[in-house]
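Data block below; observations after.
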Amino acid sequence: MKRSVKIFWRIFIGGLVFVILLFVGANFGLLGKMPSIKQLENPEADLATEIYSSDGILMGKYYSENRSEVKYNEISPNAIHALIATEDERFYDHSGIDAQAVGRVVFTAGTQGGGSTITQQVAKMMLGQGKGNILKRGIQKIKEWIVAVKLERNFTKEEIITLYLNRAPWANVFGIRNASRMYFQKEPKDLKIEEAAVLIGMLKSYYYNPITRPKESMDRRNTVINQMVVCKEKYLTEAEATKLKAKPLITNFKKIDENVGIAPYFRDVLKDKLKDWCLANVNPKTGEPYNLHRDGLKIYTTINSKMQQYAEEAVVQHMPVIQKKLDWIMKNNGAKMWKGHESTIESAMKYTDRWKNLSEEKMKEADIKKTFFIPVKMKVFAWNAKREKDTTMTPYDSIKYHKQLLQTSFAAMDPKTGEVKCWVGGIDYKWFKFDHITTKRQVGSTIKPLIYSLAVQDAGYTPATEIPGGSVQYGGEMKYFGGGGTMANCLAFSKNAAAVRITNLVGVKRVIEFATSAGVKSKLPPYTSLALGAAEIPMLEMLQAYTMFPNKSLTTEPILVTRIEDKSGNILKEFVPESKQVMSEASAFTMVQLMQGVVKFGTARSLNSYNIPVEMAGKTGTTNDNADGWFIGYTPELLAGTWVGCEDPFLRIYAGTSGGNEMAAPKWGIFMSKVYGDKKLGYGKMKTFEKPASFSNGELSGDAGGWGDLFRQGDSTTVDQGNGDAGDFINEPIKEETPVEKIPIESEIQKPAADTNTKAKSKPDEKTPPKAVLPSAIRPLDEKEKKLLKKEKEKTSGGNEY
C-alpha cells in the first residue's frame with residue numbers, strides 16, 4: 001500500500017474515531033449540559049401561569065416568557081401544513097436529521113436555506129442555543145443532532161410538531177396560542193390558511209411583522225402559500241394558492257398589555273400571595289418549589305368578570321364628580337393645604353425615572369432638582385375616555401397634580417363563602433400601581449357597628465336604649481361630643497357621643513378583642529379614640545369584620561382563589577373559607593336592623609334613590625375634614641365596601657360634602673344597581689334579611705310607634721360626624737413591648753398640639769399619672785347606672801348642643 005494511501009486511511013479512520021468520540025462526549029455532557037432521557041420524555045417549556053375568573057375568562061398571566069400550551073388537536077391543520085411546507089417538507093421521512101438538507105447546505109454554503117429540521121429546531125430551543133461564532137455553532141449543532149435523534153425516538157411526529165409550536169417565539173410572546181390571540185384574536189384551531197401563513201412566515205424573522213411591515217409580511221405570506229403548493233405533500237393546488245394570494249393582509253391585532261385586562265390591581269396583589277404558596281410547595285417533577293413564572297400553573301380565582309366590570313364602571317361614573325369638588329378646593333385653598341408639606345413632593349422626585357436617569361449620569365443633586373422646574377411637554381392622567389391628556393408643565397407641578405387626584409378602593413364579596421367578587425385598588429392601574437384595598441387608612445365611623453355590637457351582645461342594649469349626648473368621659477376628662485338619642489338613632493346618624501359612651505362601658509380592651517375575633521388583624525390603638533375611627537385598617541379586614549352581620553353572626557375570611565392546578569389540569573390545592581361565630585344570631589340580626597336604619601333614615605339615605613330591589617344595610621365613615629370617606633354595606637347576598645381619599649391624608653375636601661355618604665356611597669349604589677339589574681348574575685333571590693329562629697321582636701324593641709320612630713328619637717339630627725377634630729386624637733404613647741392586656745382601660749392623656757393631619761400625634765404627659773375612669777363591666781346597666789345616665793341626658797338634651 002502506498003504511503004499516501006496509508007496516510008489517507010489513518011486520517012480518515014482517525015477523523016472518524018474523533019467524530020465518534022466527539023459525539024459520545026457531547027452525549028455525556030463533555031461539550032455542555034445535555035438533557036437527560038427523563039427530561040426529554042417530560043420536556044418542560046417555560047409556561048406562563050394563567051389566571052382565570054370564576055366565570056372562566058382569562059384574566060392575565062405571570063411569566064418570564066409569555067407562553068401558553070395547546071394540544072395537537074387544538075392547532076389548525078392549516079398552521080401545521082404551512083409549517084411543514086416551509087420549514088421541513090421531509091419531516092415525516094427523516095429521523096431527526098435530514099441528510100439531503102445537510103448536503104444542500106454544505107454544497108451551497110447555506111445560500112439555498114438552512115438544513116435544520118423541525119426536530120432540530122425543537123432541540124435548539126430546549127438547549128437554549130442559536131448564537132455564537134462558527135466554532136461555537138458547530139459544537140451546538142452536534143448537541144442539537146444528538147437531542148433531535150433522541151426526540152425522534154421518544155416522541156411521535158405529532159408530539160414534536162406540538163412541542164415546536166408551543167415553544168416558537170413570535171417577538172415577545174411565545175407559542176402559537178399567544179401569537180394567534182395577539183394578531184387575530186382567535187384560538188389556533190380557528191386559523192384560516194392565509195392567517196396561518198402570516199404567523200408561520202414570521203418564524204423566519206420578526207422583520208415580517210404584519211403590523212409594522214405589512215408589505216413584507218404579505219410577500220412572506222405568499223411565499224409560504226407557494227411552498228404549500230410545491231412541497232412534497234402538495235397541501236394546496238395552484239388555483240387555491242392564486243385565490244389565497246389575492247386576498248388582502250387582514251389582522252386583528254391587540255397587544256398583550258398587563259396594565260389592562262381584568263382586575264390588574266387584584267392580579268398584582270395575588271402574585272405575592274401565590275409566590276408564597278409556590279415557595280411552600282414542591283413540584284414533584286423537578287424536586288424544587290413551584291415556579292410561578294415557568295410552571296404553567298392555572299389559577300382559578302373568585303373574581304367575577306362582569307361584577308369586576310360593574311365595579312370599574314362605578315368608579316368611572318362617580319370619581320370625576322367628587323374630584324371636581326376637590327379641584328375647586330385646591331384652586332381656592334390649595335396653597336394653604338400644601339403649606340408645610342412641600343417635602344412630600346421633594347421625596348416623590350427621587351422615585352421618578354427622571355431623577356434615577358440623571359443620577360446615573362452623575363449629575364449633582366442640586367442640578368437635578370432644577371430640571372424639575374423647567375416646563376416640558378408630557379402626558380398626565382385625566383378623567384376622559386383615554387384617561388390621559390397632553391399638556392405642558394414642570395415635572396414638579398406634574399407630581400403635585402397627580403397627588404391632588406382622589407384615589408379609591410372598591411371590593412365586593414360573598415359574606416357566606418368569603419369569595420371576593422371584584423377588586424378595584426385605585427382609579428387607574430396604568431398610572432397608579434399602588435393598591436388601596438390592602439392599604440391601611442383611618443376608618444372613621446365604619447368602626448362603630450363593631451362597638452354597637454358589643455352594646456347589644458355584652459351590655460344588653462336594645463335599639464330603644466337611650467344614650468345621652470353632651471359631655472362624655474374621654475381620656476381622663478369630660479369632653480363634649482354632641483347629641484344623643486336611642487341607640488337606633490345614634491347609629492343611624494353616627495353620633496360620636498354614643499360611640500364613646502359604649503366604649504367606656506365595655507372597655508377598649510374588649511372592643512379590641514372583639515374586632516380581632518371578627519377578622520381585624522391590624523394593630524388597634526388601645527384608647528377611646530378607637531370609638532371615633534382613629535384606627536387604620538385595610539378594606540379587606542373591614543369587609544371580613546362586616547361579614548358577621550349578613551352571615552348570621554359568622555365572620556368569614558375573604559378568599560381570592562378557589563383552586564390551583566398544574567399545567568395538566570391536576571388539582572394541587574383547593575381553598576375553602578374559614579368561618580367562626582363571634583356573637584349570637586339574635587344580636588347579629590339586631591345589628592342588621594340598626595344598620596338598615598343608616599340607609600333608610602340616616603347618613604346613607606341617599607342610597608334609596610338607586611334601583612336596588614332588595615333590603616340594604618351599612619355604615620358610612622368619615623375622618624377629619626373629609627380626608628377619608630367610607631361606605632361599607634350589604635344586602636342579604638352581597639357585601640361591598642368603598643373608600644375615597646388622596647394618597648396623602650393632608651389633602652382633603654374640608655367642606656362641601658356629606659362625608660362618606662357623598663364621597664363613597666354613590667359607587668356602592670351604582671355597583672349594586674348594576675349587579676341586581678343583571679339577571680344573568682343570579683342575585684335578587686333573597687329580598688330580605690333572614691330573621692333567626694331565636695329572634696323575637698319583644699326582646700329588642702317594645703316601641704309602639706315602630707322601628708321608624710326609634711330611628712328618629714334623638715336630641716339632634718346630624719350627618720356622619722367622622723372621627724372628630726384634631727384635638728380628639730388623644731392617644732397615650734406606649735412602649736412596643738407592653739401587651740394590650742396590661743394597658744389600663746382608660747388613662748388621662750396629654751393632648752397633642754392642633755394639627756390638620758388625621759393621623760394621631762401625641763407626646764407623653766410624664767407629670768400626670770394614669771387615672772382609671774368609667775367601669776368596663778361587660779353586663780347590662782344596673783338601676784343606679786341607669787339613673788345616672790338619665791340625669792346626664794336631662795342635663796344635655798336641651799336641644800342647644802349645636
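Not measured: the values here are computed from a predicted model.
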TODO: Report yes or no: does Thr49 contribute a side-chain atom to a donor-acceptor pair with the main-chain N or O of Leu292 at less than 3.5 Å?
DONE: yes
Open item on the list: With a 4.0 Å cut-off on N to O distance, would you call Glu615 and Lys687 a salt bridge?
Closed with: no
Open item on the list: Would Ile632 and Lys619 count as a side-chain contact (heavy atoms from CB on, under 4.5 Å) here? Give the steps.
Closed with: CA-CA 6 Å; Ile632 302 177; Lys619 185 70 188 76; 5.9 Å; no
Open item on the list: If I take atom CE from residue Met591 and atom CD from residue Gln593, how far apart are they, to the nearest 0.5 angstrom?
Closed with: 11.0 Å
- [ ] Give a yes or no on whether the backbone of Gly444 and the side-chain of Gln442 come within a donor-acceptor separation of less than 3.5 Å.
- [x] no
Task: Distance (rounded to the nearest 0.5 Å) between Lys580 NZ and Glu557 CD - done: 10.0 Å
TODO: Sequence neighbours left out, what passes ring-ring contact (aromatic ring centres under 6.0 Å, His included) with His318? Give chain and number order.
DONE: none
Task: Exercise: identify the closest heavy-atom pair between Ile427 and Gln407 - done: N-OE1, 3.3 Å
TODO: With sequence neighbours excluded, tell me which residues meet side chain to side chain donor-acceptor pair (under 3.5 Å) with Tyr452.
DONE: none
Task: Inter- and intrachain pairs under salt bridge (Lys or Arg N to Asp or Glu O under 4.0 Å), touching residues 304-314, at least two apart - done: Glu313-Lys674
Open item on the list: Checking side-chain polar atoms at under 3.5 Å, does Thr635 have a donor or acceptor matched by the opposite partner on Tyr676?
Closed with: yes
Open item on the list: Quick one: does any side-chain atom of Trp431 pair with a main-chain N or O of Arg387 as donor and acceptor, under 3.5 Å?
Closed with: yes
Task: Distance in Å, Cys646 SG paired with Leu405 CG, rounded so as to fall on 0.5 Å steps - done: 7.5 Å
Open item on the list: For Asn304 versus Ser54, what's the shortest heavy-atom pair and its separation?
Closed with: CA-OG, 3.6 Å
TODO: Indicate whether any N or O donor in one side chain lies under 3.5 Å from an N or O acceptor in the other, for Ser587 and Ser584.
DONE: yes
- [ ] Report the residues that fulfil ring-ring contact (aromatic ring centres under 6.0 Å, His included) with Tyr52, sequence neighbours left out, ordered by chain and then residue number.
- [x] Tyr300
Task: Listed partners of Lys600 passing salt bridge (charged side-chain N to carboxylate O under 4.0 Å, His left out), at least two apart - done: none
TODO: Give a yes or no on whether the backbone of Leu297 and the side-chain of Glu50 come within a donor-acceptor separation of less than 3.5 Å.
DONE: no
Task: Any side-chain heavy-atom pair of Pro463 and Thr590 under 4.5 Å - done: yes
Open item on the list: Glu541: which residues meet the salt bridge (charged side-chain N to carboxylate O under 4.0 Å, His left out) condition with it, sequence neighbours left out?
Closed with: none
- [ ] Determine whether the side chains of Asn551 and Thr556 contain a donor N or O and an acceptor N or O closer than 3.5 Å.
- [x] yes
Task: Minimum side-chain heavy-atom gap Trp630-Met542 below 4.5 Å - done: yes
Task: Side-chain donor or acceptor of Arg441 paired with backbone N/O of Ile537 under 3.5 Å - done: no
Task: Which residues share a ring-ring contact (aromatic ring centres under 6.0 Å, His included) with Phe575, sequence neighbours left out - done: none
Open item on the list: On a heavy-atom basis, which atom in Leu638 and which in Met413 lie closest, and how many Å separate them?
Closed with: CD1-O, 3.5 Å
Open item on the list: Is it true that, when you exclude Glu690 itself, more than 12 heavy atoms of the residues, nucleotides or ligands shown sit nearer than 6.0 Å to its CD?
Closed with: no
Open item on the list: Looking at Lys573, I want to see if its NZ is surrounded by more than 12 non-hydrogen atoms of other residues, nucleotides or ligands under 6.0 Å.
Closed with: no
- [ ] Could you pull out all residues at least two apart from Glu578 that satisfy side chain to side chain donor-acceptor pair (under 3.5 Å)?
- [x] none
Open item on the list: With side-chain contact (heavy atoms from CB on, under 4.5 Å) as the criterion, how do Leu532 and Val500 come out once you've worked through the C-alpha distance, each side chain's angles and the decisive distance to 0.1 Å?
Closed with: CA-CA 7 Å; Leu532 304 181; Val500 174; 3.8 Å; yes
Open item on the list: Side chains of Met59 and Arg267, heavy atoms from C-beta outward: is any pair under 4.5 Å?
Closed with: yes
Open item on the list: Can you confirm whether Ser522 sits close enough to Lys440 that some side-chain heavy atom of one is under 4.5 Å from a side-chain heavy atom of the other?
Closed with: yes
- [ ] Mind checking the CD-SG spacing from Glu466 to Cys490? Nearest 0.5 Å is all I need.
- [x] 8.0 Å
Open item on the list: Using only atom types and a distance under 3.5 Å, with no angle test, would you say the side chain of Lys448 pairs donor to acceptor with the backbone of Ala531?
Closed with: no
Open item on the list: Pairing donors with acceptors under 3.5 angstrom, does anything connect the side chains of Thr486 and Asn489?
Closed with: no
- [ ] May I ask you to check whether Phe481 and Tyr474 place their ring centers less than 6.0 Å from one another?
- [x] yes
Open item on the list: Taking side-chain contact (heavy atoms from CB on, under 4.5 Å) as the criterion, tell me which of Asp628, Asn626, Thr642, Leu326 meets it with Met663.
Closed with: Asn626
Task: For Arg563, all residues meeting salt bridge (charged side-chain N to carboxylate O under 4.0 Å, His left out), sequence neighbours excluded - done: Glu565
- [ ] Quick one: list whatever passes side chain to side chain donor-acceptor pair (under 3.5 Å) with Ser53, sequence neighbours left out.
- [x] Asp55
Open item on the list: Using every non-hydrogen atom in the two residues, find where Ala311 and Cys422 come nearest and quote the distance to one decimal.
Closed with: CB-SG, 3.8 Å
TODO: State whether the side chain of Ser494 and the backbone N or O of Leu491 hold a donor-acceptor pair below 3.5 Å, judged by distance alone.
DONE: no
Task: Set of ring-ring contact (aromatic ring centres under 6.0 Å, His included) partners for Tyr265, sequence neighbours left out - done: Tyr429
Task: Sole residue of Ile447, Val506, Leu524 in side-chain contact (heavy atoms from CB on, under 4.5 Å) with Val511 - done: Val506
Task: Aromatic ring pairing Trp643/His436, orientation class (parallel under 30°, perpendicular over 60°, tilted between) - done: parallel
Task: Tyr310 and Asp678: side chain donor to acceptor below 3.5 Å - done: yes
Open item on the list: Could you check whether Thr408 and Lys667, counting side-chain N and O atoms only, form a donor-acceptor pair closer than 3.5 Å?
Closed with: yes
Open item on the list: I'd like to know if the side chain of Ser445 reaches the main chain of Thr620, judged simply by a donor and an acceptor atom lying under 3.5 Å from each other, with no hydrogens or angles considered.
Closed with: no
Open item on the list: Can a side-chain donor-acceptor contact be found between Lys416 and Thr547 if the only test is distance below 3.5 angstrom?
Closed with: no
Task: Glu419: salt bridge (charged side-chain N to carboxylate O under 4.0 Å, His left out) partners, not counting sequence neighbours - done: Lys421
Open item on the list: If you take the centroid of each ring, where Trp contributes its six-membered ring, are Phe689 and Tyr634 closer together than 6.0 Å?
Closed with: yes
Task: salt_bridge(Glu536, Lys523) N-O dist < 4.0 Å - done: no
Task: Side-chain donor or acceptor of Glu637 paired with backbone N/O of Gly684 under 3.5 Å - done: yes
Open item on the list: I'd like to know if the side chain of Arg605 and the backbone of Gly597 have a donor-acceptor N/O pair within less than 3.5 Å.
Closed with: no
Open item on the list: With heavy-atom distances below 4.5 Å as the criterion, would you say the side chains of Ile322 and Ile653 are in contact?
Closed with: yes
Open item on the list: Within this structure, what is the CH2-CD1 distance for the pair Trp277 and Ile564, rounded to the nearest 0.5 Å?
Closed with: 4.5 Å
Open item on the list: Measuring from atom CG of Asn611 to atom CD1 of Ile670, what distance do you get when rounded to the nearest 0.5 angstrom?
Closed with: 13.0 Å
